[in-house]
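Encoded as structure tokens, the structure appears first; notes follow it.
Letters go in sequence order (proteins before strands), and every chain restarts at 1. Basis for what follows: all heavy atoms, side chains included, without hydrogens, waters or symmetry-related copies.
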2 protein chains.
Amino acid sequence: MAKLASLKSEKRLLDRRAADQIRSHILEGVLPAGERLLETQLSEELEVSRGTVRSALAQLANEGLVKQVAFTRWEVSGASVSDAWEIYTLRGALEGLGARLAAANVQAADGKRLRAIAEELVQAVRQKRFQDAIGIDFDLHTAIVGLAHHKRLAEQHRFILQQVRFHMVQSGFLPDDYEALIAEHQKLIETVIAGDADHAETLARNHNEAEVKLLAKLLKQGASSAGAAREAAS
Amino acid sequence: MAKLASLKSEKRLLDRRAADQIRSHILEGVLPAGERLLETQLSEELEVSRGTVRSALAQLANEGLVKQVAFTRWEVSGASVSDAWEIYTLRGALEGLGARLAAANVQAADGKRLRAIAEELVQAVRQKRFQDAIGIDFDLHTAIVGLAHHKRLAEQHRFILQQVRFHMVQSGFLPDDYEALIAEHQKLIETVIAGDADHAETLARNHNEAEVKLLAKLLKQGASSAGAAREAAS
DNA sequence: CGCTTGCTGATTGCTGACAATCAAGCGACT
DNA sequence: AGTCGCTTGATTGTCAGCAATCAGCAAGCG
């Protein structure tokens with residue numbers, strides 16, 4: 001008998017699927033930072049009950065995409081400079097650990113897989129499919145972190161990358177030098193494949209160092225102005 | 001006018017308070033790893049509706065203390081070797097970042113506060129109040145991370161420390177050399193106070209290195225046997 | 001005797017209605 | 001004019017009941 005695909009992927013719990021819908025709207029920028037979310041409205045649009053929407057919003061709150069003000073409102077998280085600084089510094093720490101562990105137990109097949117994704121990235125840039133390139137960039141980092149075989153780390157990293165994506169959409173931030181980006185990634189994955197844990201960690205950590213320094217500077221200067229993002233009241 | 005305490009702390013949402021109750025039961029070891037949790041039973045004991053219990057359990061699931069098996073059951077998370085390894089490695093990365101940032105923007109008053117907590121730790125050990133000492137140990141680490149002024153980091157760190165505490169209760173693990181513990185902490189806080197970010201990060205990261213190495217070894221050897229903890233089926 | 005199949009009780013998932021809370025606007029009083 | 005207190009409409013928080021799903025067991029079949 002031919003192997004059948006599991007139906008569980010279809011049978012996702014309703015609240016999870018509701019969360020998926022709302023999440024994509026947020027990540028695509030349809031719902032901008034600070035936007036108020038009404039339980040009733042969402043429940044009508046998604047054709048589920050308010051309780052289900054509530055559960056979905058609670059999940060998104062844990063992922064950092066949504067914020068709850070008790071008894072008052074739900075709103076899409078802000079994209080302030082301090083938020084961005086938090087996101088990028090945390091990302092560095094998580095990906096540093098991920099790269100270290102990945103390098104420590106990398107297999108030959110893993111290396112092939114990483115190089116394949118890196119090649120996709122190169123192709124996307126060469127063909128000027130920059131949106132794709134950003135997605136592949138994320139995939140590459142996710143793949144490296146995946147090699148750590150660390151469930152908690154993988155989950156936290158997923159949430160952080162989501163927030164990075166969200167902040168990029170809100171602030172209109174885009175990489176300015178794709179060639180340098182490619183070079184950095186290639187160096188990172190080769191170091192991981194070589195099994196050099198210390199060096200891999202450093203590279204992963206410094207990957208966003210420029211961005212972090214810029215944000216820290218903005219923070220000290222006096223708070224607000226995150227690209228084109230409107231500041232949410234904190 | 002003297003500063004008044006917010007009343008919101010009393011007016012906590014019902015589901016938060018329900019989560020608090022269940023959480024303490026788990027952390028105190030009343031509910032052991034792998035124990036099944038029935039929504040109906042909990043709702044009767046806490047005198048709230050099942051929906052509220054459900055919301056509380058979802059929160060605890062995000063904190064890593066409880067696990068949901070869809071359509072089937074809720075259970076207290078396992079305390080396997082791999083869980084412990086994940087928890088301690090993540091802890092190292094988070095506290096490393098925390099210590100680095102703390103050292104970078106530490107103030108004189110912060111130093112006084114850290115030294116005061118360290119002194120409490122010393123007193124607790126001298127008076128052989130070892131349970132207190134463990135709590136103060138956690139407070140100290142929390143205080144350092146707090147100096148980073150990093151909300152996301154602080155929250156994640158809180159969750160990780162909870163899981164550390166849970167694992168300690170389940171496995172019966174206790175420090176064996178309190179004098180060494182004191183010395184390590186003192187060195188860490190003095191380095192933070194001195195503003196030596198690199199060194200502080202390294203110290204914070206290596207604080208649990210021995211435990212991590214032991215766990216990694218156990219993991220490679222062949223999975224199960226986390227102290228006296230019963231292994232939960234993963 | 002071993003395997004499949006269909007039931008059954010228990011448990012979780014979801015919904016609609018009710019209660020508590022909030023912010024905003026209006027009017028009275030100082 | 002400005003502040004306080006009330007009312008009101010909107011929104012979130014909580015509840016109790018119905019529907020969907022599952023693990024286990026017993027009957028049927030080879």
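- With rounding to whole Å, A:Phe71 atom CZ is found 6 Å from C:dT21 atom P.
- At whole-Å resolution of the value, CD in A:Gln68 and C1' in D:dT14 are 14 Å apart.
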Could you go through the side chain to side chain donor-acceptor pair (under 3.5 Å) check for B:Gln68 and B:Arg73 one step at a time?
CA-CA 6 Å; B:Gln68 178 180 32; B:Arg73 64 200 299 169; over 6 Å; no

Apply the test side chain to side chain donor-acceptor pair (under 3.5 Å) to residues A:Glu45 and A:Gln41: give CA-CA distance (whole Å), side-chain angles for both, the deciding distance (0.1 Å), then the verdict.
CA-CA 6 Å; A:Glu45 289 182 18; A:Gln41 183 184 331; 3.2 Å; yes

Determine, stepwise, if the pair B:Thr142 / B:Asp139 fulfils side chain to side chain donor-acceptor pair (under 3.5 Å).
CA-CA 5 Å; B:Thr142 302; B:Asp139 291 345; 5.3 Å; no

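- At the heavy-atom level, B:Arg36 lies under 4.0 Å from the strands shown only through sugar-phosphate atoms.
- If you check every strand for non-hydrogen atoms under 4.0 Å, B:Leu57 touches nothing.
- Put simply, CD on A:Glu75 is 11 Å from P on D:dT12, counting in whole angstrom units.
- Distance, B:Glu39 CD to D:dA20 P: 18 Å, rounded to whole Å.
- Computed from coordinates, the B:Asp15 CG to D:dT12 P distance equals 15 Å when rounded to whole Å.
- Listed nucleotides: D:dT14, C:dA23, D:dT21. Nearest to the side chain of B:Leu13: D:dT14.
- Look at NZ on A:Lys67: it is 15 Å from P on D:dT12, rounded to the nearest Å.
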Decide side chain to side chain donor-acceptor pair (under 3.5 Å) for B:His207 and B:His141; before the verdict, give the C-alpha distance in whole Å, the side-chain angles of both, and the deciding distance to 0.1 Å.
CA-CA 11 Å; B:His207 188 51; B:His141 286 285; 3.3 Å; yes

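- Close to C:dT15, at under 4.0 Å from its OP1 or OP2, lies a side-chain N or O of A:Thr52.
- We find that CG of B:Leu38 is positioned 14 Å from C1' of D:dC22, with the value rounded to whole Å.
- Mapping A:Val69 and A:Leu14 onto DNA chain C by nearest heavy atom places A:Leu14 closer to the 5' end of the strand.
- Summarising the geometry, the separation between CZ on A:Arg16 and P on C:dT12 is reported as 15 Å, rounded to the nearest angstrom.
- A salt bridge does not link A:Asp83 with B:Lys151: every distance from a Lys NZ or Arg NE/NH1/NH2 to an Asp or Glu carboxylate oxygen is 4.0 Å or more.
- Both A:Val48 and B:Arg73 lie close to DNA chain C; mapped to their nearest nucleotides by heavy-atom distance, the more 5′-ward contact belongs to B:Arg73.
- Distance from the side chain of A:Thr40 is smallest to D:dT12 among D:dA16, D:dT12, C:dT12.
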